[in-house]
Amino acid sequence: MKLLRLSLTLAAAAVPLFASAQSDSLSDTNMNTAADLSNPLIQEWDTLHGIPPFALIKDDHFREAMEAGFELQRAEVKAIIENPGDPTFSNTIEALELSGALIERTFRIFGNLTGTDTNSNLDALELEMSPRNSQRKDEIYLNEDLFQRVSAVYEARDELDLDQEQHRLLELTYRDFVRAGAAVPVESRARLTELNAQLAVLSARFGQNLREETKVFEMVIVDGADLSGLPSDVIAAARETARKRGHNDAWVFGLDRSSFEAFMAHAESRQLRRQLFDAYRSRAAHENDTDNQKILLEMARLRAERARLLGFETHADYQLATRMAKSPDSAEKFLLQVWKPGLARAQEELRDMRELAVRDGIDELSPWDWWYYAERVREQKFTLDTDQLKPFFELSQVRDGAFYAANRLFGVSFQRLEDVPVWNPDVQAFEVRGPEDELIGIFMADYYARDSKSGGAWMNTYRNASDVGREIRPIVTNNLNLIKPPEGQPTLLSFDEVRTLFHEFGHGLQGLLTTVRYERFSGTSGLPRDYVELCSQVMEHWAQEPEMLQVYARDYRSGEVIPDDLIANIGAAATFNQGFMTTEYVAASLLDLAWHTMTVEEAENVDDARAFEVEVLNGYGLLPEIEPRYRSPYFSHIFAGGYSAGYYAYLWAEILDADAFTAFKDSGDIFNPELAGRFKTYIMEAGGREEPEILYRKFRGKDPDIQPLLRIRGLADKVDTG
Ligand SMILES: [Zn+2]
């Protein structure tokens, strides 16, 4: 059989991918149907920089491209196995790394679209295809003949003439096989495959249920008096939402995070705050078709069972084995190091708030009061209110601020591309170029919320970087969920939203700047969860530096630079409410570990998700006034995303980002060229080429220290209070 090699990087010709192949070899792969040639997903694209031709891609194209992709990779893998020559790095490890280009590309586009602009067709296809995709991987990793070839190359690794990156590719490929179960006894493999497929479906269903539950809820306000306390832009956005949803003379508040937080912090009506809060925290727990409680119980059980088959005591042990933290114990120990000072600080914050609440006739604060009274304390302490600050943070200026930081630190420039395909009219595309005008990649920003989009903020890619034979530069996306203002109005960000924009931009930069040879190591893909947040979180520090604010924080009406007293307030407010923020975050992280440090027997004994959650959190001493940042039924990071037994990772990575940024601060120059150069080389460009500990040490010249984290959060003085 003649193997058809896909090359997805071709720029110029708008020819079908298979046009150059002999027609008889097309028939070998059963793909010579007429439809193939009109399906844009199976073709090369003549779009600028190979950006997917979104307008041409119809929902129906995905199934066909997925089937073709499955088939093609099967043929590629078969060719590797049937290669008559002895297994070598090139004919086995590298060949495997390069296989599956069509299927990977198709799922990448599909995943991006279901996350940002989904519909019922795509949702149904996701449920159908996610188990097939998981089976595809099992077909590779549980293939005995293939594992034998991989093992043979691995055994001979010290005699092979491999460079550092090849060596790491070999080691990680071998490790992938072992972790996927290649060494599991044959009689258990069918069960393993079954578990993977079931978990893939449950996870997809979890995410869809949550999107649906978030979408359908609306709190309709008809009496203007109920809006009292809310900032004008929040009111305007609620008016617009009401209009779009067909409510006349009303205001509608939903459960997207921005709208929720704004309402909780400002609405004077305690009763409505409670109503919205209850709606938020009971999402996907209504014992209806979109309830996630049974799904997550099932997932916890199946994950425990899979871990046991793979030779681990629990799912967390399995997950953490390849992360920086190494074990659930060390992750928990670390969390508790921050949890205790966080709780002590939260108690102090509670005291400050009680004084104000008592004046309003409230003796006992409830979780739906925290945001509101924290905001009142903030105003009192820092004379800082949202309406006063927001005009300085207009979306395009904040984005340009992020571009400016990237330029000063890493020498890259961003140029808007007007006429390239986008998946939604709100998306903006940019060409990114380096100091020598060389192409770095494409950056696509999708900043607004919509019903067809998942909540939260994230970075993703349409294409990763690689350089095998031919250099391919990445196409990177950033997604936020900002409330879109009425036509003609500016988009004004809260400072939290500013930080989020810089955060995702940091991930984006790592995806863009990467210079690795193999896609496996490019940018953020494949990095350990507790390391991948370094590049994102470190950028948040620049967002609030006075030197940066003077550049990008300008009143959108007058161009006036943000005044010094507001800058000072932003700095002082950085440690404000950190007791609460630390506590709600660590509570969710501990909950995540609790779900995933159960043995099979333990997991089988849990039949009430809420009761389990309460018991765990009470056990750690969570205050009754604070909810965990996520209750389990909407904890999509761990049940629908890639963060299971890994939500702690953000705080873990904060050890690194706080320590890294401290290096810049201590040098007296936040754009210190020498440090920025090392950060670019060893962190941004290197991706996953080496172990994170090694790369970090190369950048910093030493191991990271936890003190900067505690200091920056304002918790350092609470460490010994228990
Ligand atoms: Zn992140």
Side-chain angles (χ1 to χ4, degrees), residues 111-112 115-116 207 256-258 261 319 323-325 331 335 338 398-399 402 405-406 443-447 449 453-461 464 474 476-482 493-514 522-544 581-582 584-586 588-589 592 629-630 634-661 679 683-684 687-688 692 695-696 704 709 712-713:
N112 270 294
T116 55
D256 56 283
R257 190 78 189 177
S258 308
E261 283 186 10
Q319 289 289 61
R323 298 216 185 112
M324 289 186 88
L335 287 171
V338 189
V398 174
R399 184 202 62 211
F443 176 71
M444 301 181 93
D446 184 358
Y447 287 142
K453 190 177 187 180
S454 295
W458 68 95
M459 166 269 193
N460 207 339
T461 60
N464 293 321
V476 166
T477 75
N478 267 187
N479 300 278
L480 305 184
N481 265 284
L482 301 175
L493 277 60
S494 70
F495 197 68
D496 278 348
E497 290 168 337
V498 171
R499 291 179 66 126
T500 304
L501 186 145
F502 272 76
H503 177 107
E504 299 311 332
F505 184 68
H507 283 309
L509 280 178
Q510 192 171 24
L512 286 163
L513 287 168
T514 186
S522 92
T524 59
S525 63
L527 293 184
R529 282 287 165 208
D530 47 7
Y531 175 66
V532 76
E533 298 300 332
L534 164 59
C535 288
S536 52
Q537 293 181 171
V538 83
M539 289 309 294
E540 295 181 42
H541 295 281
W542 272 277
Q544 65 182 51
M581 312 247 269
T582 303
E584 66 153 14
Y585 167 82
V586 177
S589 308
D592 165 35
R629 190 167 169 91
Y630 299 94
Y634 54 92
F635 204 165
S636 59
H637 280 84
I638 66 166
F639 293 113
Y643 282 80
S644 64
Y647 194 62
Y648 76 88
Y650 293 94
L651 195 62
W652 182 282
E654 203 174 307
I655 306 174
L656 305 177
D657 70 68
D659 184 77
F661 189 69
F679 196 84
I683 309 288
M684 292 282 184
L695 291 171
Y696 192 83
L709 177 160
I712 289 170
R713 283 199 171 229

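In listed order, ligands and their atoms are each counted from 1. Numbers here are sequence positions counted from 1. These figures come from a predicted structure and were not determined experimentally.
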If we check side chain to side chain donor-acceptor pair (under 3.5 Å) with K453, which of these qualifies: N481, D446, T116?
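Going through N481, D446, T116 one by one, the side chain to side chain donor-acceptor pair (under 3.5 Å) with K453 is satisfied by D446 alone.
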
Donor-acceptor side-chain pairing of Y650 and H503 below 3.5 angstrom
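No - no donor-acceptor pair under 3.5 Å links their side chains.
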
Residues E533 and S536: side-chain donor-acceptor under 3.5 angstrom:
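There is such a pair between these side chains.
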
Point-to-point distance, once rounded to the nearest 0.5 Å, from CG of N112 to CG of N479
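Output value for this atom pair is 7.0 Å.
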
Ring pair (Phe, Tyr, Trp, His ring centres under 6.0 Å) between F505 and F443: does it pass, once the steps are laid out?
CA-CA 9 Å; F505 184 68; F443 176 71; 5.6 Å; yes

Got W652 and R529 here, is their nearest side-chain heavy-atom distance under 4.5 Å?
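Not touching, per the 4.5 Å side-chain cut-off.
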
Quick one: name the protein N/O/S atoms under 2.8 Å from the Zn ion (ligand 1), chain by chain.
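Under 2.8 Å from the Zn ion (ligand 1) - ignoring waters, which are not counted - the protein N, O or S atoms are H503 NE2, H507 NE2, E533 OE1.
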
